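Okay, structure first, notes after.
Computed from a predicted structure; not experimentally measured.
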There are 4 protein chains.
Amino acid sequence: MSEQDQMINELFNNHEELTEKQRRILAAAIESFAEKGYAATSTSEIAKKAGVAEGTIFRHYKTKKDLLLCIVAPLMAKLLAPFVIKDFDKVLNQEYERFEDFVKAMIENRAQFLKNNMQLFKILVQEIPFQPELKEQFTEHIAKKIFERFRKIVEHYQSKGQIIIMEPYSVVRMLASTIFGYLIARYLLMPEDEWDDEGEMERSIFILMHGLSPK
Amino acid sequence: MSEQDQMINELFNNHEELTEKQRRILAAAIESFAEKGYAATSTSEIAKKAGVAEGTIFRHYKTKKDLLLCIVAPLMAKLLAPFVIKDFDKVLNQEYERFEDFVKAMIENRAQFLKNNMQLFKILVQEIPFQPELKEQFTEHIAKKIFERFRKIVEHYQSKGQIIIMEPYSVVRMLASTIFGYLIARYLLMPEDEWDDEGEMERSIFILMHGLSPK
Amino acid sequence: MSEQDQMINELFNNHEELTEKQRRILAAAIESFAEKGYAATSTSEIAKKAGVAEGTIFRHYKTKKDLLLCIVAPLMAKLLAPFVIKDFDKVLNQEYERFEDFVKAMIENRAQFLKNNMQLFKILVQEIPFQPELKEQFTEHIAKKIFERFRKIVEHYQSKGQIIIMEPYSVVRMLASTIFGYLIARYLLMPEDEWDDEGEMERSIFILMHGLSPK
Amino acid sequence: MSEQDQMINELFNNHEELTEKQRRILAAAIESFAEKGYAATSTSEIAKKAGVAEGTIFRHYKTKKDLLLCIVAPLMAKLLAPFVIKDFDKVLNQEYERFEDFVKAMIENRAQFLKNNMQLFKILVQEIPFQPELKEQFTEHIAKKIFERFRKIVEHYQSKGQIIIMEPYSVVRMLASTIFGYLIARYLLMPEDEWDDEGEMERSIFILMHGLSPK
DNA sequence: AATGAATGAGTTTTCATTCAT
DNA sequence: CATGAATGAAAACTCATTCAT
């Protein structure tokens, strides 16, 4: 089973049974959407790449946009899932005594996930601005739920004296900028360069924690 | 003269004389590309919005892609211009004794520029992954020239003991993540929220310089 | 059993045994054909309305047109049946001494039949011009057989001095115009208006018999 | 100039300027719609018959249905125009002393018009049941305006003692049935037969006026 | 320089029909 | 008998581009 297949399975197999053709359609669509963008990809192209008749696509997905949403929505869910677990903060608080360890673990975990799903991530990032459904889902989850949890975590570590006292929103934003900034540079802008992933990650976290100024 | 017009003038009037119709075409294209994406915008739509005949667009721009490039390329040039000035590093070094002041000045300057050209910036960000010409231009300038200058600046301040000793690439990347992370959150993801721009910027720079850990 | 079912039974049960699914297919097809027209109705729509799989339709009817003909042909047969009975004229002649009574009985009888099968009648009327098979059947029966009988009846009543001497064809055409004109206005053009059916019918026959001029 | 062209001119030239291609599109659409029905005619077929590119059709008519309505709506207007003239009844009353003459003139006039526009009439008749816009236009004009005028005319001749006293609605309906019944039989059902138009018309009017019963 | 009618290849989507299960 | 996934041809419609005026 190819890497693509694994990715698709990881995204879909929990929720639905996929036929072979459906999987091939999804794989083809993901590849093309990531490469050329949603609007610039034609359904006939997807059909050809998937080795199915064009009509077959529309038997499974009512419209082209439906196909896009069926690809991207579960990614967003999975991407954000770890932050939505009910007792997320408690678990983590106990597990990670130091804020730095928490950050490290979280970043590594999510970075790994996105690395495994880079094509999907690219599609998500590209299409969020143009698909109101996605945008809504995104802000609904991020802004309302996830952010609230992060705020609590930040406040928790602040009360323990491990983080400076500062508007939590700014802290969370810097955290997100650091992780996404790295991922975008690494996988979207300059994927063909050689990267010292381990080192880059460590250095990012170090700057995030201790800043650029020498003590 | 509208804000749009000013933006367009700022981008183009140095290089070329624009007729009234050309300006209207550019304004319409920028608006539509930013709103719906390049691929999802039709030339007839642009013509209608600009109040010109469809053929007129193609009199000025050979193809639709040509129109896109004529919009985005000068933006990229202007965006990067300050960093390309011949004696860029010398000038700045003398002007800003402290690295923190340099960062602050640079961020404020470029953030202001992007804020004034947010639609254009959005188009640029969206289309870079799909337009090889843009990508090439981008990496050509950024990776080869700009980055080299930044590396020197970082090394300069490192030698003065104002920044920690660390792989300059990582430092530059964190700098870029901080500024773009802020701008994307601010203007692309949540433009309708209320923002304390001044404060957010300051806090970002503080974290960048001193980190999240208390001393 | 619904009205639809009765109608379908009336049309089909003499000739063939219908399974439950077949009956549901027929009912769905009749409803959709009458509402949107044959060409504008899709087989998948019929299948959905009938609650059967798409393939099931084609198990019973080789093609979509076959389905149409299987619906419309028996209607035409039944509609014309009373006029085809072997000794039609003899029977009628004896039963109705006066031409007016004959006309009344016939009109009432056939109007009732069409009223009971209005959807089917609508389909028939709509599709006759476009389906050569139907047109042929129609002219074959009407023009050649039915008309001949009517001509004889008219001549019979003419010889008895009950009808004016006039080209029988014209007489028959006026008869048909009167009945169909009424039915089309009543059920196809303005079905939602209130109608005094009894009265309208009587007045139609009166005019047909005695004309609009006062004596 | 062909017969088709004359018909099209008669319908459209008063209102709009038609380009050569538009006229060819209209002619092709009318021919195909009349022959196979609106739903069963494809736009590619129309384009081919008209000798234009398929896109050209959609430059002039936003949708296929738009094309249909642009063909049929003016026909309906023209068909009903004579009855909408402001002082329609006065004029006619003075011109035709006898009701029979009025009927004769009117029938001849409208029959001639429909004969000249038989294809269009066929399309109109076929599509009225399926196009709500047409149906509404039709009932709006017929039921509300035309019918009211006819009612007055009938009442006028009734008061002069030339027509029997009877619900005017029924009188009007019989009038319409007579004229449309004749036209449909003549031109739609059996167009290839030989017809004695003059004679048929006269006989129809005679029966309408004096009935089938001998005095 | 500007127009806008015309194009034809291309787009998304539908549909009647088939066939393995 | 019944199913419904699969098909591919064709449908309606769009679009970037051209060109005569």
Donor-acceptor pair, distance only, cut-off 3.5 Å: does the side chain of [X] make one with the backbone of [Y]?
{"X": "C:Tyr61", "Y": "C:Leu68", "value": "no"}
{"X": "A:Thr56", "Y": "A:Val52", "value": "no"}
{"X": "D:Lys122", "Y": "D:Ala34", "value": "yes"}

Practice problem: Take A:Lys36 and A:Glu45, measure what salt bridge (charged side-chain N to carboxylate O under 4.0 Å, His left out) needs, and give me the verdict at the end. | Solution: CA-CA 11 Å; A:Lys36 324 175 49 180; A:Glu45 191 187 331; 3.3 Å; yes
Starting from [atom2] on [N], measure out to [atom1] on [X] and report it in whole angstrom.
{"X": "C:Ile46", "N": "E:dC15", "atom1": "CD1", "atom2": "P", "result": "11 Å"}
{"X": "C:Asp66", "N": "E:dT17", "atom1": "CG", "atom2": "C1'", "result": "13 Å"}
{"X": "C:Arg23", "N": "F:dA2", "atom1": "CZ", "atom2": "C1'", "result": "18 Å"}
{"X": "B:Leu67", "N": "F:dC15", "atom1": "CG", "atom2": "P", "result": "16 Å"}
{"X": "C:Leu68", "N": "E:dT17", "atom1": "CG", "atom2": "C1'", "result": "17 Å"}
{"X": "D:Ile25", "N": "F:dC13", "atom1": "CD1", "atom2": "P", "result": "14 Å"}
{"X": "A:Lys65", "N": "E:dT13", "atom1": "NZ", "atom2": "C1'", "result": "15 Å"}

Quiz item: Taking atom types as modelled, is there a side-chain donor on A:Thr43 or A:Glu54 under 3.5 Å from an acceptor on the other?
Solution: yes
Quiz item: What one-letter contact string describes nucleotides 5-12 of chain F from 5' to 3', where B marks a base within less than 4.0 Å of any protein heavy atom, S marks contact via sugar-phosphate atoms alone, and - marks no contact?
Solution: BBBB--SB
Quiz item: Looking only at heavy atoms, which two atoms of A:Lys64 and A:Phe58 are closest? And how far apart?
Solution: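 That closest heavy-atom pairing would be N-CE2, 4.1 Å.
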Quiz item: Using purine N1 to pyrimidine N3 plus N6-O4 or O6-N4 for Watson-Crick, or N1-O2 and O6-N3 for G-U wobble, both under 3.5 Å, which nucleotide pairs with E:dA1?
Solution: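 For E:dA1, the partner nucleotide comes out as none, under the 3.5 Å rule.
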Practice problem: Could you please name the partner base of E:dT21, counting Watson-Crick and G-U wobble pairs only when both distances are under 3.5 Å? | Solution: F:dA2
